[in-house]
Amino acid sequence: MKGYQLKITIKGSSPPIWRRVIVPEKISFEDLDNVIEYIFGWTHDHLFSFVIPKERIYFNGPSEAGDEEAVQEGIDRWFYEKAKIIYTYDFGDDWEHTILVEKILDYDKRYPQVVKFKGPNMIEDCGGIWGFYDVIDQAEPFEMEKVNEYLKAHMKFSKFEGSTYPEDYGLPYSEKEMYEELRKYLKTMAGAGGEENFEDFGELEPEESLEEVFKNYKKDDLLEIARDANLPKPARFKKAELAQWLKNSLLESGQFRKVLTESTQEEVGFFQEAIEEKGIYIQAELVSVSPLLSFYCGLRDGEFLTVPKDVEEKFRKIYTGSFQRELERHWELSGYCKSAVYLYGVISLEDLAKIYRGYEHKKITAKELADIAARYPGEMTVKDGYLMEEELEEVDLYVRLLEDQEKLPYYLPMDKEDFLRYGEVECQEPDEHTLPMLEFFSEEMDQDMPHSLILYYAVLDSLQKNGEPEECASLAMEYCKETRKGRKIKLTKIIKNLQPYVRTWENRGFTDYEVEAMRTEKQDASRVLADSKKETDKDCKVVAFPGTKKIYPNDPCPCGSGKKYKYCCGRKKK
């Protein structure tokens with residue numbers, strides 16, 4: 001028998017409120033709802049739903065309309081390692097929980113078990129996550145031992161034998177594989193995974209000191225770390241002396257702050273998780289590209305990341321107060337800069353400041369954004385009051401691009417998370433319009449998935465910058481060393497078909513399809529950004545492209561069929 005180790009986190013909680021729980025296989029989504037509601041202190045007084053991201057599939061609890069999808073569907077098909085499922089409780093207060101399937105393990109019990117937790121029980125009808133912090137002192141503490149006693153006594157689930165969706169409903173397996181490889185390629189995977197037992201790693205204690213880690217390195221490796229960290233050239237030390245010198249240099253407060261400032265929020269998140277968990281399982285490739293993780297951590301068996309105790313002590317002294325707030329502000333602003341550069345290629349700092357104020361309802365100046373951009377040479381630059389991708393600075397290419405963009409608004413998703421996602425992954429993820437090209441590279445050009453993705457993003461990158469389909473096809477064929485004319489003709493046709501659905505700089509992040517829709521509806525571009533004279537947060541608003549408005553499962557389908565969205569366009573067709 002097997003079980004699923006889940007980490008369930010309340011979205012928006014800071015510090016995070018979460019539960020790590022093991023649930024048995026062959027249970028329904030309704031069973032899982034019962035588990036979640038009990039371990040977070042919910043009272044079953046409100047509706048709930050599960051969402052399988054990307055696949056646009058919803059499983060709801062019983063409602064006034066008699067929906068009982070969660071009762072009828074088992075979890076197993078959707079629960080694979082690193083899968084993420086969204087659970088929402090109380091559609092008024094909108095309590096969203098992120099369910100991460102950390103690993104699949106051997107588990108011979110038919111009841112769930114909480115193995116770790118952080119944060120108290122939740123409070124009903126308090127106005128959502130922000131209202132919760134106003135009354136958090138009233139929250140009851142979470143008592144894991146008592147909770148597990150109750151789960152063992154009252155939640156012994158029989159094996160679920162109900163109906164499941166047919167295999168051709170939702171993503172076929174080949175597409176699911178593509179999405180899995182995509183997640184790896186974009187390095188969004190949080191690290192935990194593999195077949196090893198989580199608790200086995202957890203029994204290992206982190207090293208006492210960074211010097212102890214360095215003693216296992218070759219001398220040349222230590223010298224390379226010193227060079228990569230831009231430390232002064234070390235003296236002619238023996239290996240033991242070099243290890244001690246390097247440890248002292250890296251743990252100097254100014255040097256440690258510098259590395260933290262240059263790290264991404266994800267890297268610092270992995271670092272903190274390794275401290276809290278006494279080590280985490282993580283991809284070695286992820287460590288190798290991160291100075292913070294490769295300089296300051298130990299990596300056992302090439303996969304288990306630990307933070308030495310002296311490094312942890314130094315980090316806790318540094319990562320407090322104003323420095324922590326400075327880093328969080330930096331990450332927030334850099335996210336807006338990266339997303340804007342990806343979507344638009346070039347944007348005035350004043351316009352980006354308005355977009356930021358519209359999403360965040362907080363003050364920001366053009367100078368602050370320019371200072372952030374200066375920290376990313378090679379990715380972006382500022383010239384004449386414009387933020388742009390660095391290549392556009394050459395021979396003033398950005399001027400020509402601005403002329404092409406002149407009469408268009410900026411593409412702005414309704415939710416800021418969707419906007420920031422473009423900066424995080426620096427790509428437009430595959431959908432029903434662009435997947436055929438990825439399938440072509442994988443199935444007909446005999447490329448493995450990593451190389452298929454390289455080709456896929458190379459073509460999208462070229463189209464985004466106004467490349468011609470035939471030129472894109474030629475470059476892809478050359479990369480594959482493919483000379484058959486018929487293949488090139490087919491690939492060119494595929495690229496032409498997907499071209500209207502690619503977000504381009506020329507369209508300020510819109511697709512050709514969306515631009516045509518706007519023209520048809522005669523939308524006024526001036527609605528998208530607040531009037532430049534309205535500088536206060538109260539007046540600054542972002543009006544998103546209507547086509548991106550969030551539609552909930554039980555809303556009427558916008559296609560006019562008269563059905564609920566989840567039973568119509570919200571459900572992927574067979």
Side-chain angles (χ1 to χ4, degrees), residues 52-57 77 80 82-83 165-189 285 342-343 345 411 421-422 424-507 509-516 547 569 571-574:
I52 311 297
K54 307 286 186 190
E55 304 181 33
R56 300 191 301 174
I57 295 176
R77 181 182 176 191
Y80 47 89
K82 306 319 301 169
Y165 286 102
E167 288 300 313
D168 61 351
Y169 177 74
L171 285 177
Y173 184 67
S174 61
E175 289 186 20
K176 184 179 289 187
E177 285 185 318
M178 290 177 184
Y179 277 121
E180 284 304 291
E181 291 295 337
L182 171 65
R183 292 185 183 101
K184 295 176 185 177
Y185 180 80
L186 299 176
K187 294 186 293 190
T188 57
M189 194 164 68
E285 295 83 357
Y342 174 79
L343 285 170
Y411 165 69
R421 177 71 175 164
Y422 287 101
E424 291 172 3
V425 301
E426 296 182 329
C427 74
Q428 179 181 336
E429 295 186 5
D431 57 23
E432 64 268 29
H433 304 296
T434 59
L435 268 173
M437 182 174 64
L438 189 55
E439 292 172 338
F440 179 86
F441 291 138
S442 176
E443 297 172 9
E444 298 197 32
M445 301 291 281
D446 298 322
Q447 298 293 305
D448 59 23
M449 190 53 61
H451 288 92
S452 295
L453 286 162
I454 289 171
L455 288 166
Y456 174 87
Y457 287 113
V459 171
L460 255 62
D461 183 67
S462 180
L463 291 174
Q464 184 191 37
K465 300 170 184 176
N466 215 23
E468 293 295 328
E470 188 170 352
E471 179 186 359
C472 295
S474 296
L475 290 173
M477 299 291 285
E478 183 178 346
Y479 178 90
C480 298
K481 298 180 180 180
E482 174 62 67
T483 58
R484 281 174 281 187
K485 188 176 179 180
R487 289 264 177 98
K488 180 181 176 181
I489 292 173
K490 184 173 181 179
L491 178 58
T492 302
K493 183 178 179 181
I494 290 173
I495 295 174
K496 283 182 178 178
N497 289 338
L498 67 84
Q499 189 174 22
Y501 301 97
V502 175
R503 303 201 175 280
T504 66
W505 286 356
E506 189 176 47
N507 290 338
F510 285 103
T511 66
D512 287 344
Y513 179 83
E514 291 167 342
V515 169
E516 184 59 32
C569 297
R571 171 172 286 175
K572 195 175 179 84
K573 304 298 181 182
K574 296 182 181 180

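This chain uses plain numbering: 1 for the first residue, then up along the sequence. Only this structure's heavy atoms are used, side chains among them; waters, hydrogens and symmetry mates stay out.
The two residues Met437 and Tyr456 have their closest heavy-atom pair at CE-CD1, 3.5 Å. Of all heavy-atom pairs between Gly467 and Gln499, the closest is O-NE2, 3.9 Å. The shortest heavy-atom contact between Tyr501 and Gln428 is O-NE2, 2.8 Å.
Looking at Glu514, its side chain never comes within 3.5 Å of a backbone N or O of Gly509 through a donor-acceptor pair. In this structure a side-chain-to-backbone donor-acceptor pair under 3.5 Å is missing from Glu506 to Asn466. Side-chain atoms of Asn497 come within 3.5 Å of backbone atoms of Lys493 as a donor-acceptor pair (strictly under, hydrogens ignored). The backbone N or O of Lys488 sits less than 3.5 Å from a side-chain atom of Thr492, completing a donor-acceptor pair.
Taken from CD1 in Ile495 to CD in Glu468, the straight-line distance is 11.0 Å, to the nearest 0.5 Å. Atom CE of Met445 and atom CG of Leu491 lie 6.5 Å apart (nearest 0.5 Å). For the atom pair Leu475 CG and Cys480 SG, the distance stands at 11.0 Å (nearest 0.5 Å). Atoms CD and CG, on Gln464 and Asn507 in that order, are 10.5 Å from each other to the nearest 0.5 Å.
Around CD of Glu444, the count of heavy atoms belonging to other residues, nucleotides or ligands within 6.0 Å exceeds 12.
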(request) With side-chain contact (heavy atoms from CB on, under 4.5 Å) as the test, would you mind laying out the steps for His451 and Tyr479 before giving the verdict? (result) CA-CA 10 Å; His451 288 92; Tyr479 178 90; 3.0 Å; yes

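None of Leu463, Leu460, Leu455 except one satisfies the side chain to side chain contact (heavy atoms under 4.5 Å, CB included) rule with Cys472; the exception is Leu463.
Using a 4.5 Å heavy-atom threshold, the side chains of Arg484 and Met477 count as separate. Between Arg503 and Tyr342, the closest side-chain pair of non-hydrogen atoms is not below 4.5 Å. Using a 4.5 Å heavy-atom cutoff, the side chains of Phe441 and Leu453 are not in contact.
Tyr422 and Tyr411 have perpendicular rings, their planes meeting at more than 60° on a 0 to 90° scale where under 30° would count as parallel.
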